[in-house]
Amino acid sequence: MTDSINCFRCGASLAALSLPLSRQDCCPGCGIYLHVCRMCTHYDPAVPGECREDDAEDVKEKERPNFCDFFEATAGAFDAAAKRRADAAGAALDALFGGQAEAPAADEALTEAEKLFR
């Protein structure tokens with residue numbers, strides 16, 4: 001079991017999942033894939049390629065699922081302080097721009113045209 005491992009993005013507990021994480025495992029809290037560089041013990045943004053494993057293939061998108069054979073889930077992937085800063089920044093943007101934007105009203109002509117092709 002993954003008792004002390006949390007999602008790198010939202011911090012949700014991954015105790016219900018078993019190790020090793022499969023490529024298709026998703027966070028029960030936010031739904032993001034977990035077999036990603038950001039959840040790996042070898043991930044290190046301070047080194048070239050952001051990976052301490054010399055033999056690992058280069059992965060460009062560190063938050064996308066990959067097939068890395070060196071992947072090992074880590075307990076230290078979640079950064080609570082960074083999450084608080086991101087949440088505060090999002091709240092400030094919402095306050096500045098009046099909250100979440102509403103979806104634009106559907107054009108009646110477009111709606112009627114779409115009905116023709118159903």
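Only a predicted model underlies this, so the values are computations on that prediction, with no experimental measurement involved.
- Between atom CD1 of residue Ile32 and atom CD of residue Glu63 there is a gap of 5.5 Å, rounded to the nearest 0.5 Å.
- For the pair Cys26 and Leu34, the minimum side-chain heavy-atom distance is 4.5 Å or more.
- Interatomic distance, Tyr33 OH to Arg64 CZ, rounded to the nearest 0.5 Å: 8.5 Å.
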Apply side-chain contact (heavy atoms from CB on, under 4.5 Å) to Met39 and Phe71, showing your working. CA-CA 8 Å; Met39 280 291 301; Phe71 176 82; 4.0 Å; yes
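- Taking the charged nitrogens against the carboxylate oxygens, Lys83 and Asp87 do have a contact shorter than 4.0 Å, which makes a salt bridge.
- With Glu53 contributing its side chain and Asp55 its backbone, the two residues share a donor-acceptor pair below 3.5 Å.
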Steps toward side-chain contact (heavy atoms from CB on, under 4.5 Å) verdict (Cys10, Cys27): CA-CA 9 Å; Cys10 72; Cys27 172; 3.5 Å; yes
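- Between the CD atom in Glu57 and the CZ atom in Phe70 there is a gap of 9.0 Å [rounded to 0.5 Å].
- Taking both residues in full, the closest heavy atoms of Arg85 and Asp79 are given as NH2-OD2, 4.4 Å, listed atom of the first, atom of the second, then distance.
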What's the verdict on side-chain contact (heavy atoms from CB on, under 4.5 Å) for Val59 and Cys51, showing C-alpha distance, side-chain angles and the deciding distance? CA-CA 9 Å; Val59 175; Cys51 183; over 6 Å; no
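- How far CZ of Arg23 is from CG of Asn66: 7.5 Å, rounded to the nearest 0.5 Å.
- Contact detail for Lys62 and Gly49: the closest heavy-atom pair is NZ-O, 2.9 Å.
- How far SG of Cys40 is from CD of Glu72: 6.5 Å, rounded to the nearest 0.5 Å.
- Partner Ile5 forms a side chain to side chain contact (heavy atoms under 4.5 Å, CB included) with one of Leu17, Thr74, Leu19 and no other, that one being Leu19.
- Within the model, atoms SG of Cys68 and OH of Tyr43 stand 14.0 Å from one another, a figure rounded to the nearest 0.5 Å.
- Classification of Asp58 and Lys60 as a salt-bridged pair holds, one side-chain N sitting under 4.0 Å from a carboxylate O.
- Contact detail for Phe8 and Phe78: the closest heavy-atom pair is O-CD1, 3.7 Å.
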Please walk me through it: do His35 and Phe67 pass side-chain contact (heavy atoms from CB on, under 4.5 Å)? CA-CA 8 Å; His35 195 285; Phe67 292 101; over 6 Å; no
